[in-house]
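Worksheet: the structure to be examined is printed underneath.
Position 1 is the first residue of the sequence, and the numbers go up from there.
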Amino acid sequence: MSFLLSLIATASLASSAAPLDPVDVVDDAARQRGDWSEVLVLGTAHLSGLPADYDREVFDPLLERLQEWAPEAIANEALSGRQCDYLRAHSFAYEGTADEYCPDPTPARLALGLTGAQAEQEVEALLAAPMAERTPGQRRRMAALFLAMGEPTSALVQWHRLAEKERRADEHLNPFLVEMLQRRGQGRDEDSIIASRLAARLGLERVYPVDDHAGDRASGISDDNIFGAEIAEIWDNDAVKRLLERSERSQHAFLESGDVLAWYRAINDPSQMSDTMPEISVLPPVPSFRATQVGGIWHIGKPAMCEW
């Protein structure tokens, strides 16, 4: 029986009993199939809000705990290089999206004389030949290729896996690209502080970007001013205010103490949300017909595609 049919059958057998949580249905199906894969989702604040001079070594205890779990692959909230190329090619439908969410791969592509697709093809070929260790020249080439693909976090993984004396320019990685990697390595974000460093510690070759903005056009022409007003109205309630206050207190405690594990336990503690999500999930929807007409075209706030 297929996985989908197994889910349907499981749900059908229990339909006469209490309603099933979809997560429980999927978890039960996975157990029946043998728990083939384990997935850990790390909730995190956006670390760009940290002070500019904050010591990134404070995050080492978190990296050590994640390293003990030893994931075989790491994914991050970022757009792939190929999707960024698509967004740029279809900018008529995604005005400003690539500028906001995508790094610029042009310097690396010019330096290597490759397109994004050609860079990706070479990376795939290199990774198809696994080896215990790669030469410094190979790692510098891989770093340049990942930059040309538009996936700088994976480029940073290659950079971190180089010995300190090997983090230099060569025929693959020119001085400008080296400077890009050095700046990114000092960045205050989850990719620089957590994802790339953890991948390098584990001996992984890359980080997989899994975010998506290609679906943005499904809402049609939208007006960010209207959308912003709608979201502000939705979130203007006591439940959200309590949630934000707790988040601010836990971050302040972290900045004072440096206890990164306590901070991440607080961020990922289900009880932190248990008294607010029931209230948030039953908030009345904002009218979706709020719109303005410009040049004969109706502009609307982005309609909800899903809900909690």
With a cut-off of 6.0 Å (strictly less than), are more than 12 heavy atoms of other residues, nucleotides or ligands near CD of Q121?
no
Neighbour count above 12 (heavy atom, 6.0 Å) for E77 CD:
no
I'd like to know whether CD of E166 has more than 12 heavy-atom contacts from other residues, nucleotides or ligands below 6.0 angstrom.
yes
Lys/Arg-Asp/Glu bridge criterion (N-O < 4.0 Å) met for K241, E245
no
Tell me, yes or no, whether the heavy-atom count around E133 atom CD, taken from other residues, nucleotides or ligands under 6.0 Å, exceeds 12.
yes
Do D170 and R141 sit within salt-bridge range, that is, some charged N less than 4.0 Å from a carboxylate O?
no
More than 12 heavy atoms from other groups under 6.0 Å of OH on Y208
no
Within-4.5 Å side-chain heavy-atom neighbours: V157 and S196:
yes
Does a side-chain heavy-atom distance below 4.5 Å link L173 with W159?
yes
Report the C-alpha distance between R88 and D99 in whole Å, list the side-chain angles of each, state the deciding distance to 0.1 Å, and finish with yes or no for salt bridge (Lys or Arg N to Asp or Glu O under 4.0 Å).
CA-CA 9 Å; R88 292 187 186 96; D99 293 336; 5.9 Å; no
Heavy-atom side-chain proximity of L147 to L181 below 4.5 angstrom
yes
Is there a continuous path of hydrophobic side-chain contacts, each under 4.5 Å between heavy atoms, that joins I194 to V210?
no
Would you call D85 and R82 a salt bridge, using N to O less than 4.0 angstrom?
no
Can you confirm whether E256 sits close enough to H252 that some side-chain heavy atom of one is under 4.5 Å from a side-chain heavy atom of the other?
yes
Any chance CZ of R201 has more than 12 other-residue heavy atoms, nucleotides or ligands included, within less than 6.0 Å?
yes
With a 4.5 Å limit on heavy-atom distance, are the side chains of L50 and F254 in contact?
yes
Donor + acceptor pair across side chains of Q83, D212 (<3.5 Å)
yes
Take atom CD of E95 as the centre, draw a 6.0 Å sphere, and report whether it contains more than 12 heavy atoms from other residues, nucleotides or ligands.
no
Where does the angle between the aromatic ring planes of Y101 and H213 fall among parallel (under 30°), tilted (30 to 60°) and perpendicular (over 60°)?
parallel
Describe, in one word, how the ring planes of Y54 and F59 are oriented to each other, choosing from parallel (under 30°), tilted (30 to 60°) and perpendicular (over 60°).
perpendicular
Side chain to side chain donor-acceptor pair (under 3.5 Å) partner of Q158, chosen from R140, R139, R206:
R139
Are any side-chain N or O atoms of R161 and backbone N or O atoms of G203, one a donor and one an acceptor, separated by less than 3.5 Å?
yes
Hey, is CZ on R65 packed in by over 12 heavy atoms from elsewhere, all under 6.0 Å?
no
